[in-house]
Amino acid sequence: MARDTTLLQGTLDLLILKTLTLEKLHGLGIARRVEQITRGAFEVKPGSLFPALHRMQEAGWLTSSWGQSENGRKARYYTLTSAGRRQLKAETGEWGRVALAMALALKA
Amino acid sequence: MALASRLVSWFRNLFRRARVERELDEELRTYRDLLIAEKIQAGMAPDQARRAAAMELGAVEHIKDEVRDVRAGAWLRDLGRDLAYAARALRKRPAFTGIATGTLALGIGATAAIASLAYALFQAGLPFPDANRLVHVYQSHPGQTEYFELSYVDYRYYREHARSFSSLAAHYSAPLHFVNGSESAAIIGSVVSPNYFETLGLRPVRGRFFTEDEGRVPGRDPVVVLGHHFWQSRFAGDPDVLGRLIRLNGASFTIVGIAPPELEGVAFGKAQVSLWMPSSMFRVGYQYCDGLAPGCNIVYLIGRLAPGVRVADAQAELTTLARRLEAASPETNKGLGVLVKPARGADPQRQADSARILILLGGAVSLVLLIVCANLAGLLLARNLARARELSLRLSLGASRSRVVRELLAESLLLALLGGTLGIGVALLCNAVILTFYRFNYAGLPTYFNLGLDRAVLAGTLAVTLATVLGFGLVPALRASRTDLLTTMKDEGHSPGPGRSRLRDALVILQVALSLVLVVDATLLIRSMRHIYRGELFDPSHVVMVRLRPTLVGYDRVRAHAFQVAVQRRLEATPGVIAASPAENPAIWADNTIHVWLPGSAPADLSRATRFGANRVGPRFFEILGVRLLAGREFDERDVSGAPAVAIVNQAMVQHYWPGGNALGERLVVDGVSSEVVGIVPNLQYREAGRSAEPFVYRSYWQGNAGNGRSTESRTHILVSGDPRVMLPAIRRAIASVDPDMPISEDQALVDRLAFEFQPVRVAETLLVCFGAVAMFLSAFGLYGVLAFRVTERTREIGVRMALGAGPGEVARLVVRRGILLALAGAATGVVAALASVRLLRSLRYGVPGGDPLAFASALFLMIAVALAASYLPARRATRLDPLLALRHD
């Protein structure tokens with residue numbers, strides 16, 4: 001795993017929103033899914049994960065509820081709200097523009 | 001939607017905190033459990049899995065802190081907690097807290113007081129409805145910068161033709177002799193156009209104001225409206241006072257109304273107005289010309305601007321009208337213009353006179369504030385240094401840096417708040433002192449002057465202080481929080497490194513330097529004031545001065561002359577009085593000038609002729625002032641009108657006209673009258689240090705100009721054998737025995753009059769002495785702090801020295817030498833700054849050179865004494881150290 005990769009500002013939010021589009025997940029599940037979909041490029045530490053989850057929840061993008069994990073343990077699950085979906089769409093578009101601009105700039 | 005969810009979060013975070021916290025705990029626990037389960041599933045042993053999970057999770061408290069920080073309303077909750085924490089921390093260190101808040105309070109209080117004075121003099125509006133629409137209108141004379149009065153006739157013209165005002169009123173302040181039954185007093189009344197009250201937007205408390213008709217027929221309407229304060233003090237607020245008769249300058253008036261308490265006149269800083277009469281009654285208050293006639297310029301105007309009209313618009317319109325007036329009546333209005341000024345602060349003349357002293361006071365108070373800041377910075381620096389270890393420990397245990405910084409900030413905030421509250425008290429105290437200078441005018445009459453802590457001033461001062469405290473609280477806090485953990489813990493907290501010590505030393509040197517500046521300036525002003533009280537080559541200490549105006553009660557020249565002669569005789573027959581002499585002006589004035597030239601060199605154009613200071617004085621005038629004539633004689637009984645004209649000149653005039661020669665017996669044309677010089681006196685007029693004396697000429701009171709009514713008025717100078725203030729009642733009785741209706745005003749000891757004439761010096765002296773004392777105290781404290789800190793810092797070293805045989809004297813010298821060195825470094829810097837600062841005092845220095853060695857020497861001496869005093873306690877503590885304990889000191 002590339003442990004030194006620092007997450008760009010706002011990237012973590014985008015990744016968390018993305019992982020929650022398919023199903024609700026608990027904290028560890030989100031962390032593992034991010035690692036999985038970025039092929040291990042990003043490691044999400046609890047110290048950044050939890051503040052982000054709480055912040056996004058207060059912004060109304062996520063809701064949470066207690067539930068049972070796959071191995072029968074209690075866990076807090078996060079679900080994307082419709083505001084969260086709108087946010088994801090907006091940020092995805094923004095990210096695309098930034099990525100394109102950066103790519104062009106570096107090629108020039 | 002987002003807003004709603006935020007509001008819900010706020011509510012939960014603030015009021016359901018316990019539950020929110022529980023859930024966070026729970027979530028982190030389940031996260032760890034899941035992590036462990038994951039590791040076991042991956043094939044780890046349970047023990048190993050638990051350890052690995054703990055490693056991966058990291059510091060749980062730290063995570064919780066981070067989560068708490070992102071929560072909505074976090075800052076509010078944190079603020080409360082930080083303030084409570086700060087309050088506890090401050091309570092635990094009462095000495096630090098007391099000194100820091102005390103220091104702050106002095107700084108805030110002094111600054112707010114000076115700012116209040118500046119606000120009152122330059123900015124404060126009149127206390128009437130919509131007062132920001134009120135403007136004063138003055139007359140301007142060609143080539144002169146003063147603000148003059150207009151004639152009532154011109155006022156009527158402006159009022160009729162100007163469209164800029166919704167209302168325009170005229171007012172004149174009249175000196176009145178008030179008699180009610182057996183009671184009498186000198187008061188100031190105001191003769192006003194009938195629309196005066198309406199212009200100001202006021203309603204009577206009782207009765208009525210004036211009708212438009214009462215301004216028309218001269219002498220027909222003897223009615224007055226009493227001021228609220230006057231009604232309370234002279235009539236005990238009697239509600240049945242309406243319809244009653246009082247006597248003013250010998251005429252009867254009917255009381256028709258009571259003005260509201262906020263009305264004390266419209267000229268802020270001038271005499272408080274006790275009552276008002278309509279403009280038809282000008283003659284009662286003014287005798288020199290007919291107030292209703294053209295060319296009799298005695299009224300000021302106050303107007304209310306019409307909606308949408310700006311001051312500049314009104315100025316433009318009135319200027320056009322003034323041109324028209326000039327064209328219509330060139331004989332009275334040639335070259336006259338108008339000046340429209342917003343009714344803010346004191347009258348413009350006073351503003352011009354006060355500007356310089358306020359710059360000085362502002363500068364002085366800035367120095368005090370700077371010293372306060374330096375002191376505070378030193379205090380906070382020392383305090384945060386002492387806490388560096390605690391902070392490092394907390395940081396290493398996972399407290400976030402922002403948390404620690406916030407706590408330190410909260411402490412600063414709390415200090416500022418405490419200091420600010422106390423500062424308001426100090427400011428009120430300062431204001432009370434400042435008010436004593438402005439509450440009475442030159443004649444000893446109460447003035448319309450108040451000094452409130454304006455909301456804007458207060459807010460401004462608090463903001464500045466808050467910025468100061470935060471600046472000086474935050475910077476040290478940031479430095480402290482960045483302290484490297486290992487070094488701090490290893491250092492065992494007693495070796496702050498040379499950088500910190502140097503900074504603290506520099507702060508102390510700065511304080512000493514600034515204090516020295518203030519002390520030097522204060523000393524110069526003390527010496528200046530003492531010179532003023534001692535007199536410029538004369539002795540004012542046993543002289544009483546009384547102003548007598550027989551014309552106010554209708555005396556003609558012959559009667560007035562007889563009255564003045566009788567008063568002089570009666571006074572000189574009074575026990576305790578040595579001599580009495582009428583004079584046209586106070587002995588101390590130099591601003592009354594007349595034409596003077598040598599015979600045969602009469603100027604072609606009188607307006608270009610030389611003018612010199614002049615006064616008309618009676619016999620024994622110089623004896624009363626304790627002046628020995630350099631040559632010749634005083635005026636005496638021979639020098640009356642009809643006798644040959646005589647003059648007495650001062651030394652400067654001798655040098656001007658007869659340099660090196662003898663002036664006695666020479667002739668001089670004074671105000672067109674050829675006079676023989678019969679006496680020569682020293683230069684008696686006060687002058688700012690560095691200025692040379694101006695020529696001055698005295699004429700006999702009984703000769704002089706016979707033209708206007710003023711020449712029968714007098715400022716009678718009376719030499720008494722005891723305390724002049726004690727003699728005042730006897731003197732008043734002696735004058736009243738000649739004519740009980742005679743208005744007596746400005747009756748006071750000459751030294752008290754001097755205090756008014758040199759008010760700027762006195763204000764500056766008093767405040768600078770206060771500031772200097774505060775500065776001195778603060779820098780002594782700063783010095784003490786640094787030295788005490790050094791002794792603690794070097795305890796082990798001192799112990800070693802003592803163990804090696806150093807005696808207490810040697811140890812004490814170590815500390816004291818440091819103190820003296822710091823003080824000297826500060827004093828050296830201060831002397832340079834002080835030399836620059838004395839230029840600001842130029843207009844306030846009388847008889848004291850700017851580089852006065854005594855002022856500098858005494859300031860230096862004081863500084864060294866303070867340094868010694870500040871070194872005493874730390875030195876004593878150093879000598880009392882037990883070498884054994886000191887060596888074990890960590």
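Here the structure is a predicted model, which means the values were calculated and not measured. Chain A is the first sequence line, chain B the second, and so forth, proteins listed ahead of strands; every chain is numbered from 1.
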Against chain A, work out which of B:L35, B:D33, B:V67, B:L57 has the most heavy-atom pairs shorter than 4.5 Å and name it.
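Heavy-atom pair counts peak at B:V67.
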
Ranking B:E23, B:K64, B:Q41 by heavy-atom pairs under 4.5 Å to chain A gives rank one to B:E23

Hey, are the side chains of B:E26 and A:R76 touching, using non-hydrogen atoms and a 4.5 Å cut-off?
no

Are B:L24 and A:H54 packed together at the side-chain level, in the sense that at least one heavy-atom pair is separated by less than 4.5 angstrom?
yes

For A:A31, is it the side chain, the backbone, both or neither that has a heavy atom under 4.5 Å from a heavy atom of chain B?
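Interface part for A:A31: side chain.
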
Interatomic distance, A:R73 atom CZ to B:L34 atom CG [nearest 0.5 angstrom]:
7.0 Å

Quick one: closest heavy-atom pair of A:P46 and B:I63, and the distance?
CB-CD1, 3.7 Å

Minimum heavy-atom distance between A:G27 and B:Y31, given as atom pair plus value:
C-CE1, 3.7 Å

Side chain, backbone, both or neither: which part of B:E38 has an atom under 4.5 Å from a heavy atom of chain A?
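When you check distances to chain A, only side chain atoms of B:E38 fall under 4.5 Å.
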
Under 4.5 Å, heavy atom to heavy atom: which of residues 43-53 of chain B reach chain A? Give them by number, or say none.
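Listed by number: none.
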
